Amino acid sequence: MLPMRRAILTAVRKNHCRFFSASQSNWNARKGLVLGVYEKEGEDGSHLTEAAACWDKALSGKLSELLKISGPALKKGKTRIFYGVHQDFPCVAAVGLGKTTASVCGAENWDTCKENIREAVSAGCRQLQDLEVSHVEVDGCGDAQSAAEGAALGLFQYDQLKSKKKTKVTTQLHGSTDLAGWEKGLLYGEGQNLARLLMEGPANHITPTVFADTIEEKLAPYAEWVTVHKRPQTWIEEHQMGAFLSVSKGSEEPPVFLELHYNGCPDRTKAPLLLVGKGITFDSGGISLKPSSGMDAMRADMGGAATVCASIVTAAALKLPINIIGLAPLCENMPSGKANKPGDVVRAQNGKTIQVDNTDAEGRLILADALCYAHTFKPSAIVNAATLTGAMDVALGSAATGVFTNSDWLWEKLYTASVVTGDRVWRMPLFQHYTRQVTDSQLADLNNIGKYSRSGGACTAAAFLREFVTVTHWAHLDIAGVMTNKDEIPYLRKGMSGRPTRTLVEFAAGLAHQG
Ligand code: BES
Ligand code: ZN
Ligand code: ZN
């Protein structure tokens, strides 16, 4: 039996809700439809979205009837597949959107309605993908952008390196005129998927050079507004980035300092937003070697660079009227005869000396130089993203990115963006208390680990970075906790998350449109 037919039949058996009116040829059309269904307030029943109601009417109430007879009211995030109800759509997935009253939630710090749509649409699309449906029309569910994000994010699967791949699914908006919202949502979702692709890719494939080439390629269509510089080792040496070089020299793989300029603002001289991302394409820990168990996840230690660069690609695709400069120091952190040794002292671009007591605290070393260089562009604000500390994961897990900032204004902008995207942020402290722990070094101006190394590790790392910042608006995003997804975010499959790309894009869009 053909695998697709077998899948359909199994699913039919499982769902006990077939309705055969489709012909054999329709089964092979592989076209599906995702329709939203709300929970009825205070009652056991359902309430259809506008598109679903319209469709139901055209089919003389067949959908509502099937929903009633096929089981209990459809709960949030759950799906139910109906087969053969319509000639054009052999498979229809009804998806649970939760309550109609869902909106911005003060306790969860996100828009529950948007999150519910992302979750439901992603579940519906994935179910249809499992049935080898290759084209899916998606109900906008009253918020086409969120629906598109759910579809794009839910369908992403890293199977480039597998022989057996999941069905490629194309999507299309159904029953809504908000094509602009749908297209925007697709770009947001695809932006995050680009970051996921780079993070998930194995370190022998995504080297600093390949990373930089990939971003250059993604930006090629926007050459009119974008300049890409792939700075080689000689340039890094000329720019006296001693801290960055001290990490990269432990590896055989050449470092790259990636510099992106996006000039979307009509005034090309307007002060840019500066985004900096940690780009360690593999973090073994160096001489302070990490335990081997779980070390493979350190291929995603370039998550900061990936999310920052992906957000610039997305900003360019959206033609955001803003100037952005992206900086990504890219290298490996490896143990070798040339690697940093505990106790070594290195000099950053601004002349500050750093005692490297733990070679596994390498992110702050490469960021120190990138932050110094960032100031030369006289930016309006600097935002850096980095999978910086295991301590960040201990503190917040994957619920939110930790934000350390010297600016209430910047915090407000990042927070507002995150409520919309559902990819949350949480403000963390930048007390002098932590600064004292990194400025008390035996041999140098700074030590790369806090005096009481384990306690408040995310905060001492942030305090260290602050020593390289003089601008009034700076934010450090520690994204170590949100780097991976097991099953916490329902619309992301297991794997590297690409978070918080959409929040960065929304944040940039906020700055672009409000000035
Ligand atoms: N890349 C790691 C941090 C990390 C851990 C990211 C887990 C994602 C998941 C970073 O370079 C690191 O190793 N930090 C050390 C710092 C310590 C030596 C002060 C850590 O967190 O253990
Ligand atoms: Zn490390
Ligand atoms: Zn690292």
Side-chain angles (χ1 to χ4, degrees), residues 195 199-200 203 206 208 243-244 246-248 250-251 255 276-307 328-335 339-344 354-368 370 384-402 404 428 434 437-438 440-441 446-465 476-486 488 495-500:
M199 290 168 76
E200 196 71 78
I206 311 291
F244 176 29
S246 79
V247 178
S248 71
S251 163
V276 182
K278 169 178 171 182
I280 296 290
T281 58
F282 188 72
D283 182 9
S284 69
I287 298 298
S288 314
L289 197 63
K290 285 183 181 294
S292 55
S293 155
M295 203 202 271
D296 68 290
M298 285 300 114
R299 67 183 184 279
D301 206 22
M302 27 57 82
T307 52
L330 296 156
C331 72
E332 289 183 341
N333 184 26
M334 296 292 279
N340 267 334
K341 303 169 289 297
D344 281 2
I354 307 160
Q355 185 174 332
V356 183
D357 269 352
N358 192 315
T359 67
D360 196 12
E362 83 299 338
R364 62 198 79 179
L365 297 176
I366 70 167
L367 287 173
N384 74 257
T387 47
L388 205 64
T389 63
M392 192 66 242
D393 184 39
V394 173
L396 300 183
S398 59
T401 290
F404 300 81
M428 300 287 289
Y434 302 112
Q437 296 180 31
V438 292
D440 182 12
S441 162
L446 296 166
N447 194 299
N448 81 327
I449 48 170
K451 206 158 137 188
Y452 315 111
S453 73
R454 275 175 48 80
S455 307
C459 307
T460 49
F464 178 96
L465 292 183
H476 154 54
L477 276 51
D478 194 332
I479 60 170
V482 301
M483 181 178 83
T484 56
N485 192 56
K486 288 168 278 306
E488 311 91 302
M496 300 308 170
S497 70
R499 293 171 66 188

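Here the structure is a predicted model, which means the values were calculated and not measured. Sequence positions, counted from 1, serve as the residue numbers for this chain. All ligand and atom numbering here is 1-based and tracks the order in the structure.
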May I ask you to list the atoms of ligand 1 that are less than 4.0 angstrom from any heavy atom of [X]?
X    : result
T389 : 3 (C), 21 (O)
K290 : 2 (C), 12 (C), 13 (O)
A480 : 6 (C), 8 (C)
N358 : 18 (C)
G390 : 3 (C), 4 (C), 5 (C), 20 (C), 21 (O)
K278 : 1 (N), 10 (C), 11 (O)
E362 : 11 (O)

Using a 4.0 Å heavy-atom cut-off, which part of [X] comes near ligand 1: side chain, backbone, both, or neither?
X    : result
D360 : both
L388 : backbone
R454 : neither

- Check the side chains of E488 and S398 for a donor-acceptor pair under 3.5 angstrom, ignoring hydrogens and angles.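 The criterion, which ignores hydrogens and geometry beyond distance, is satisfied for E488 and S398.
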
- Query: Just by distance, with hydrogens left out, do S288 and N358 show a side-chain donor and acceptor under 3.5 Å apart?
  - Reply: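 N358 and S288 do have a side-chain donor-acceptor pair below 3.5 Å.
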
- Query: Contact between M298 and ligand 1, counting heavy atoms under 4.0 Å?
  - Reply: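 Contact check M298 vs ligand 1: positive.
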
- Query: Does ligand 1 have any atom that is closer than 4.0 Å to a heavy atom of M392?
  - Reply: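 No, M392 has no heavy atom closer than 4.0 Å to ligand 1.
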
- Query: ring-ring contact (aromatic ring centres under 6.0 Å, His included) with F404: which residues, sequence neighbours excluded?
  - Reply: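 Scan of F404 (ring-ring contact (aromatic ring centres under 6.0 Å, His included), adjacent residues dropped) gives H476.
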
- Short N/O distance, under 3.5 Å, between D301 and ligand 1?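 N/O-N/O distance below 3.5 Å exists for this pair.
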
- Task: Take the Zn ion (ligand 3) and tell me which protein N, O or S atoms are nearer than 2.8 Å.
- Result: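 The answer, once waters are left aside, is K278 NZ, D283 OD2, D301 OD2, E362 OE2.
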
- Query: Does any N or O in the side chain of D301 come within less than 3.5 Å of the main-chain N or O of F282, such that one atom is a donor and the other an acceptor?
  - Reply: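 Judged by distance alone, no pair lies under 3.5 Å.
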
